[in-house]
Asker: 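Below you'll find the structure I mean.
Computation of the quantities below employed the complete heavy-atom set of this structure, encompassing side-chain atoms and omitting hydrogens, waters and symmetry-equivalent molecules. Note that the numbering runs from 1 along the sequence shown for the chain.
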Amino acid sequence: MNPALDALGFGAWPEPVGRRLMEYYTRYYRDTLGIPGWRDLVRVRLGEEAYEAGHLARLEAVLGRPVAGLRVLNVGCGTGGFTVIARRAGARAVGVDAEAAAVEICRLKAEREGGGTPTLGAVEALPFGDEQFDVVYCFSTLEHVASVPEAVREMLRVARPGGAVYVHAPNALACYEGHYKLFWLPLMPKLLARLYLRARKRPAGFVNTLQPLVRGRLESLFRSCGARVTRPGAAEVRLPETGSPLWPLIRAYYRLARVSPHIELLAWK
């Protein structure tokens with residue numbers, strides 16, 4: 001037992017799910033990213049379904065209908081909070097993730113929820129047949145894949161005709177890195193990013209796994225596969241405070257350049 005971890009509590013999920021979540025996100029926020037306030041972030045994750053409800057509400061607003069009755073694939077599902085909340089809303093939702101530890105937590109949740117068993121697999125090679133899903137949900141996942149073009153093709157392959165792929169991803173033109181929770185230069189080169197992280201006394205290895213994404217390129221990839229791309233109506237955008245004394249200039253950059261911290265799109269097959 002680790003007293004520092006035990007003090008966090010297990011949130012909404014009992015053993016063994018709660019402890020697995022706690023250990024998983026402690027490794028991620030404390031060890032992989034070196035975030036000073038990691039405990040607060042872990043506490044949020046222990047009851048992640050609460051904030052995933054907001055993501056589900058946004059998806060339904062973008063689709064223009066509830067997800068009830070729809071077959072939904074959650075790609076890069078992580079520990080499955082969105083899959084759980086979508087199933088509770090009546091969707092036939094399942095998740096897929098490339099990380100075995102995350103899939104195991106999803107499996108434990110699915111056992112307690114009575115369905116939605118996850119699958120281990122990469123977005124670039126989804127372990128599903130063609131045209132199986134009404135909605136493919138991709139939230140904060142494309143920046144982690146080895147090949148964005150292959151991931152786009154695979155998501156469209158498993159979507160049924162008339163179905164949709166919903167993407168929400170960090171914008172490489174933003175002045176904030178949402179994983180590390182740090183001020184960031186737009187399109188910062190990997191070498192400079194590693195030097196910057198070391199100067200901030202942060203682990204630098206994770207940055208090597210991140211793909212820079214920009215809206216125009218991503219929309220072009222979907223269109224080249226025959227999809228019709230729409231930009232959802234504006235949601236309330238909360239610009240992340242970076243803690244930098246340059247924040248007034250950063251805020252002006254966002255507004256004058258019309259840059260959003262995130263990319264959000266809907267691709268119809």
Side-chain angles (χ1 to χ4, degrees), residues 20-21 24-25 27-29 32-33 41 44-45 48-49 51-56 58-59 62 67 70-87 91-110 116-128 132-159 163-172 177-180 206-213 215 217-218 221-222 225 227 261-267 269:
R20 294 284 188 90
L21 279 168
Y24 180 89
Y25 284 110
R27 288 193 301 270
Y28 177 64
Y29 289 122
T32 301
L33 299 175
L41 296 171
V44 171
R45 284 293 191 169
E48 62 184 353
E49 286 73 21
Y51 76 80
E52 292 288 6
H55 295 159
L56 176 61
R58 176 59 180 168
L59 175 64
V62 167
V67 296
L70 297 181
R71 186 156 169 77
V72 177
L73 176 62
N74 182 11
V75 298
C77 63
T79 52
F82 180 84
T83 305
V84 168
I85 211 70
R87 288 187 66 84
R92 293 174 290 159
V94 294
V96 60
D97 200 279
E99 188 173 357
V103 169
E104 175 60 15
I105 293 171
C106 290
R107 186 189 65 78
L108 293 171
K109 286 185 175 183
T117 303
T119 302
L120 182 67
V123 186
E124 302 94 318
L126 291 170
F128 303 99
Q132 290 199 15
F133 297 95
D134 301 298
V135 178
V136 179
Y137 178 81
C138 180
F139 192 101
S140 194
T141 295
L142 273 186
E143 72 270 23
H144 299 295
V145 303
S147 171
V148 176
E150 288 181 14
V152 167
R153 284 193 291 270
E154 276 292 277
M155 289 191 293
L156 285 170
R157 178 184 66 80
V158 301
V165 178
Y166 172 83
V167 173
H168 190 286
N171 190 346
E177 209 301 299
H179 303 87
Y180 282 98
F206 185 78
V207 79
N208 297 325
T209 71
L210 298 178
Q211 295 265 19
L213 300 172
R215 180 185 296 279
R217 171 62 175 158
L218 195 52
L221 286 173
F222 277 101
C225 295
H262 301 103
I263 300 165
E264 186 183 38
L265 64 83
L266 200 62
K269 182 173 177 178

Asker: Evaluate the side-chain proximity of Lys109 to Arg87: yes if any heavy-atom separation is below 4.5 Å, no if none is.
Answerer: no
Asker: When rounded to the nearest 0.5 angstrom, what is the spacing between CD in Glu150 and CG in Leu221?
Answerer: 11.5 Å
Asker: Kindly give the heavy-atom pair with the smallest separation between Cys106 and Gly80, and that separation in Å.
Answerer: SG-N, 3.3 Å
Asker: Taking the six-membered ring for Trp and the single ring otherwise, decide whether the centroids of Tyr137 and Phe82 are under 6.0 Å apart.
Answerer: yes
Asker: Measure the acute angle between the ring planes of Tyr51 and His55, then classify it against the limits of 30° and 60° as parallel, tilted or perpendicular.
Answerer: perpendicular
Asker: Any idea which heavy atoms bring His144 and Ser140 closest together, and the distance?
Answerer: CD2-O, 3.5 Å
Asker: Could you tell me which non-hydrogen atom of Leu210 sits nearest to which non-hydrogen atom of Glu177, and how far apart they are?
Answerer: CD1-OE2, 3.7 Å
Asker: Residues two or more places apart in sequence or in another chain: which of them pass side-chain contact (heavy atoms from CB on, under 4.5 Å) with Val96?
Answerer: Leu73, Val75, Thr119, Leu126, Pro127, Phe128
Asker: Would you compute the distance between atom CG of Asn74 and atom CD1 of Ile85 and round it to the nearest 0.5 angstrom?
Answerer: 12.5 Å
Asker: Check each of Asp97, Val123, Val167 against Thr141 using the side-chain contact (heavy atoms from CB on, under 4.5 Å) test, and report the only one that passes.
Answerer: Val123
Asker: Contact between Arg58 and Tyr166 at the side-chain level, heavy atoms closer than 4.5 Å - yes or no?
Answerer: yes
Asker: side-chain hydrogen bond (donor to acceptor under 3.5 Å, both in side chains) between Tyr28 and Arg45: does it pass, once the steps are laid out?
Answerer: CA-CA 11 Å; Tyr28 177 64; Arg45 284 293 191 169; over 6 Å; no
Asker: Once the angle between the rings of His179 and Phe206 is folded into 0 to 90°, is it parallel (under 30°), tilted (30 to 60°) or perpendicular (over 60°)?
Answerer: tilted
